[in-house]
Amino acid sequence: MSANSSTVSQLPWQGPVCIGWRQDLEGALYHLANCILLLGFMGGSGVYGCFYLFGFLGTGYLCCVLWGWFNACSLGIILWSSLLAVACLLQLVHLVYRLRDDTLPKEFDLLYKTLYLPLQVPLQTYKEIVHCCQQQVLALATEQTYAVEGETPINRLSLLLAGRVRVSQDGQFLHYIFPYQFMDSPEWESLQPSEEGVFQVTLTAETTCSYISWPRKSLHVLLAKDRYISRLFSALLGYDISEKLYALNDKFFAKFGLRFDIRLPSLYHVLGPAAPDAGPESKKNDEEVCEPAVSSPQALPTSAQKTPPCPPPPAATNPPVPPSQVRMSRPDSSVLASQTPLQSYRQVMSKGQAPLVPTHTPEL
């Protein structure tokens, strides 16, 4: 033991203990193995970086096994190089298994790149969302209904992946639903988790459609468990509902030629029902509005008619003040509601007033 310790202490100060050095260099396998190992240790991070690293290391250790078998003739070199090569091979197999497990179907991968990746949603979080809908892609044939007005219960939340869906109420068209838009976001937001309800509109597929659907209870459990996913769905649903409202706004503009603003509180005049007996009253009110505010001489009392006229005032240096014009009162909304949009628009514009929103009830 003392002899070995003395030898180790003398190594830094003395020359090598080898009796003789080989004059020839090692074989080509030895140099090839070291070059491949050098390339392997230059690998990066991530999944593909690990593929690069362990691929080159495994190949380099395999070359060391061959060098130890054919040139060095050393059992220790062969055993250690074989062990390291097998470890690299097992690591490659594990990476392939992980990569296959992380692979998403084509539809879900496209959905992630289109909707969630711009919002920088982590892939692991997206997998939890996809797992909630069981990675199932459902289909709708042409003219097949997704929901019927007053019949279909609100028990899920669906997102359209391909195709086009028509939304109608009482047989009247409202708007379209395009890919990567929620199909029932207003219905979802209108109910609390403990409430139940039915659809107020009918959703019909105009083309062959595909969509994914989250069950209501499962999605509520996920939103209650993960706060980040809850905020994410709140932002997506809010944006989707605003898009549907602006689609209705554009529909009004295309129908009447006047752009409505859905943010105006007076829009309920447009969306509310018109009174059935507004016709005669509107004509009567219109006539009353057009009459001047000054009363006729016949309406004056007799005592006022018999009063002698006052003498004219003396002439003043200042010019006489012209009589003030009679200010016309603004027509009531019921007057405008009984007329067509174009007539009400012309009537109000002729009186020098611009309406915020037409008060005629549209036929959707």
Side-chain angles (χ1 to χ4, degrees), residues 111 114-116 119 129 132-133 137-140 143-207 209-224 229-255 259-273 357 361-364:
L111 174 62
T114 304
L115 191 60
Y116 292 91
L119 299 177
I129 298 174
C132 185
C133 67
V137 179
L138 306 176
L140 285 175
E143 296 301 326
Q144 182 180 356
T145 56
Y146 169 81
V148 180
E149 176 183 353
E151 298 181 6
T152 306
I154 305 173
N155 54 8
R156 54 181 173 173
L157 177 66
S158 301
L159 180 69
L160 187 64
L161 298 179
R164 187 175 65 180
V165 176
R166 181 179 68 254
V167 182
S168 60
Q169 185 180 31
D170 295 332
Q172 299 178 4
F173 168 75
L174 294 180
H175 61 87
Y176 285 114
I177 298 176
F178 297 100
Y180 304 111
Q181 290 184 347
F182 289 97
M183 300 173 64
D184 41 12
S185 54
E187 288 77 12
W188 175 270
E189 289 291 334
S190 64
L191 296 179
Q192 297 295 330
S194 59
E195 296 178 349
E196 297 181 358
V198 294
F199 278 81
Q200 302 299 319
V201 293
T202 300
L203 281 71
T204 308
E206 282 210 339
T207 60
C209 302
S210 60
Y211 66 96
I212 58 176
S213 184
W214 292 273
R216 186 183 178 192
K217 294 183 179 179
S218 302
L219 185 55
H220 274 303
V221 171
L222 178 62
L223 297 181
I229 298 179
S230 176
R231 291 183 175 181
L232 176 64
F233 267 85
S234 178
L236 292 175
L237 290 171
Y239 177 78
D240 186 81
I241 293 174
S242 65
E243 287 292 319
K244 290 179 171 59
L245 290 176
Y246 277 105
L248 289 174
N249 193 26
D250 291 337
K251 178 180 180 295
F252 288 149
F253 171 71
K255 186 176 182 62
R259 179 172 293 279
F260 294 177
D261 194 342
I262 59 176
R263 297 169 295 180
L264 294 176
S266 56
L267 187 62
Y268 74 94
H269 290 294
V270 180
L271 299 179
V357 48
T361 304
E363 296 180 0
L364 298 179

Side-chain heavy atoms of [X] within contact of [Y], under 4.5 Å:
| X | Y | answer |
| --- | --- | --- |
| Ile229 | Arg231 | no |
| Ile129 | Leu232 | yes |
| Arg166 | Leu203 | no |

Which pairs with one or both residues in residues 237-249 pass salt bridge (charged side-chain N to carboxylate O under 4.0 Å, His left out), sequence neighbours excluded?
Asp240-Lys244
side-chain contact (heavy atoms from CB on, under 4.5 Å) involving [X] - partner list, sequence neighbours excluded:
| X | value |
| --- | --- |
| Ser210 | Val137, Leu161, Ala162 |
| Ser213 | Leu138, Arg156, Ser158, Tyr211 |
| Gln200 | Val198 |
| Leu191 | Ile154, Glu195, Arg216 |

Under the criterion side-chain contact (heavy atoms from CB on, under 4.5 Å), which of Val201, Thr202, Thr204 is the partner of Val167?
Val201
Would you confirm whether [X], through its side chain, and [Y], through its main-chain N or O, come within 3.5 Å as a donor-acceptor pair?
| X | Y | answer |
| --- | --- | --- |
| Gln181 | Phe178 | yes |
| Ser242 | Tyr239 | yes |
| Ser190 | Glu187 | yes |
| Ser234 | Ser230 | no |

From [X] [atom1] over to [Y] [atom2], what is the distance, rounded to the nearest 0.5 angstrom?
| X | Y | atom1 | atom2 | answer |
| --- | --- | --- | --- | --- |
| Leu160 | Ile212 | CG | CD1 | 10.0 Å |
| Cys132 | Leu223 | SG | CG | 8.0 Å |
| Phe182 | Ile241 | CZ | CD1 | 9.5 Å |
| Glu149 | Ser168 | CD | OG | 7.5 Å |
| Phe199 | Met183 | CZ | CE | 8.0 Å |
| Tyr116 | Leu111 | OH | CG | 5.5 Å |

Taking atom OH as the centre, does Tyr176 end up with more than 12 heavy-atom neighbours from other residues, nucleotides or ligands that are less than 6.0 angstrom away?
yes
Please assess Tyr146 against Thr152 for the test side-chain contact (heavy atoms from CB on, under 4.5 Å), listing each intermediate value before the final yes or no.
CA-CA 9 Å; Tyr146 169 81; Thr152 306; over 6 Å; no
Applying salt bridge (charged side-chain N to carboxylate O under 4.0 Å, His left out), can you list everything that pairs with Arg164, at least two apart in sequence or on another chain?
Glu206
For Trp214 and Phe233, take the angle between the two ring planes, folded into 0 to 90°, and tell me which bin it lands in: parallel under 30, tilted 30 to 60, perpendicular over 60.
perpendicular
